[in-house]
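Whatever order the structure lists ligands and atoms in, that order sets their numbers, starting from 1. Quick caveat: nothing in here was measured; it's all calculated off a predicted structure.
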Amino acid sequence: MHLTCQQLLNKYPNQWQAATVHPFLAECQQGTIQPAQFNTWLVQDYHFVLEFTRFAASVIQSAPSDHLDILLGGMVALKDELNWFKAKAAERQLNLTQPLQPSCETYCQFMTELAQQPYSIKAVGFWAIELAYNQGWQGHSPMPEPYTEFADRWGNADFTTYVDLLSQQADSAQQDTDETVQSEAETVFLTTASLEKDFWQMAYEGGASDTILP
Ligand code: HMH
């Protein structure tokens, strides 16, 4: 019996819910999120995506040949996404050279370490990271302006299809693995869920430090 992505979702519904349902997203949908909170998310997520791109390169590095087509499509999307982040930051006059906050730093560190793992484990992490954003933004869609394009970027139907293909590739990578490796993949899934929750919370608290002292 091999581990599947769907089994992970079935086994840990509460952890996955905490990763994909958060007041940050709910308040974007209501249009009540504060700009300082949203801007904190935007700057930190730009840094996240930079590191995620390097992680994607490591996934490609160790993937079987017949998985490359889907993964390279994802890489092309990341090129576009990084430029889009820069454009959104410029519109909001945000400084992208701000330091990483601890929750972002921890998540980036996790990806750096995950990059050293076998492909079957990386594939589960890569899928979980993308699914978290797909379900998180889609589950709070549609969003009003100026958040509409953010919800659409990760909530759109093509992205859902891409994430589903990633789950199929992650499932097929479990075929020749032993129980030890599968339990590591399970841990990677749970850690991803927890890091996603913390990332939303970091953004949600992002307004607090913006208080201007006299
Ligand atoms: C924190 N998780 C986080 N940011 C993202 N951009 C994604 C997942 C999806 O790529």
Could you pull out the N/O contacts under 3.5 angstrom between ligand 1 and the surrounding protein atoms?
residue, atom, partner, partner atom, Å
ligand 1, 2 (N), Glu196, OE1, 3.4
ligand 1, 2 (N), Glu196, OE2, 2.6
ligand 1, 4 (N), Asp45, OD1, 2.7
ligand 1, 4 (N), Asp45, OD2, 3.4
ligand 1, 4 (N), Tyr133, OH, 3.3
ligand 1, 6 (N), Asp45, OD2, 3.0
ligand 1, 10 (O), Glu130, OE1, 2.9

**Message:** Does the structure place the NZ or CZ of Arg153 under 6.0 Å from the centre of the six-membered ring of Trp84, at an angle of no more than 45° from the ring's axis?
**Reply:** yes
**Prompt:** Is the Tyr119 ring parallel, tilted or perpendicular to the His67 ring (thresholds 30°, 60°)?
**Reply:** tilted
**Prompt:** Ion pair present between Asp45 and Lys88, side-chain N to carboxylate O less than 4.0 angstrom?
**Reply:** no
**Item:** Any residue meeting side chain to side chain donor-acceptor pair (under 3.5 Å) with Thr148, in chain and number order, not counting sequence neighbours
**Value:** Glu145
**Prompt:** Cluster question for you: counting only ILVMFWY and a side-chain heavy-atom cut-off of under 4.5 Å, with indirect links fine, are Leu78 and Phe85 together?
**Reply:** yes
**Message:** When you compare the side chain of Val181 with that of Gln117, does any pair of heavy atoms fall below 4.5 Å?
**Reply:** no
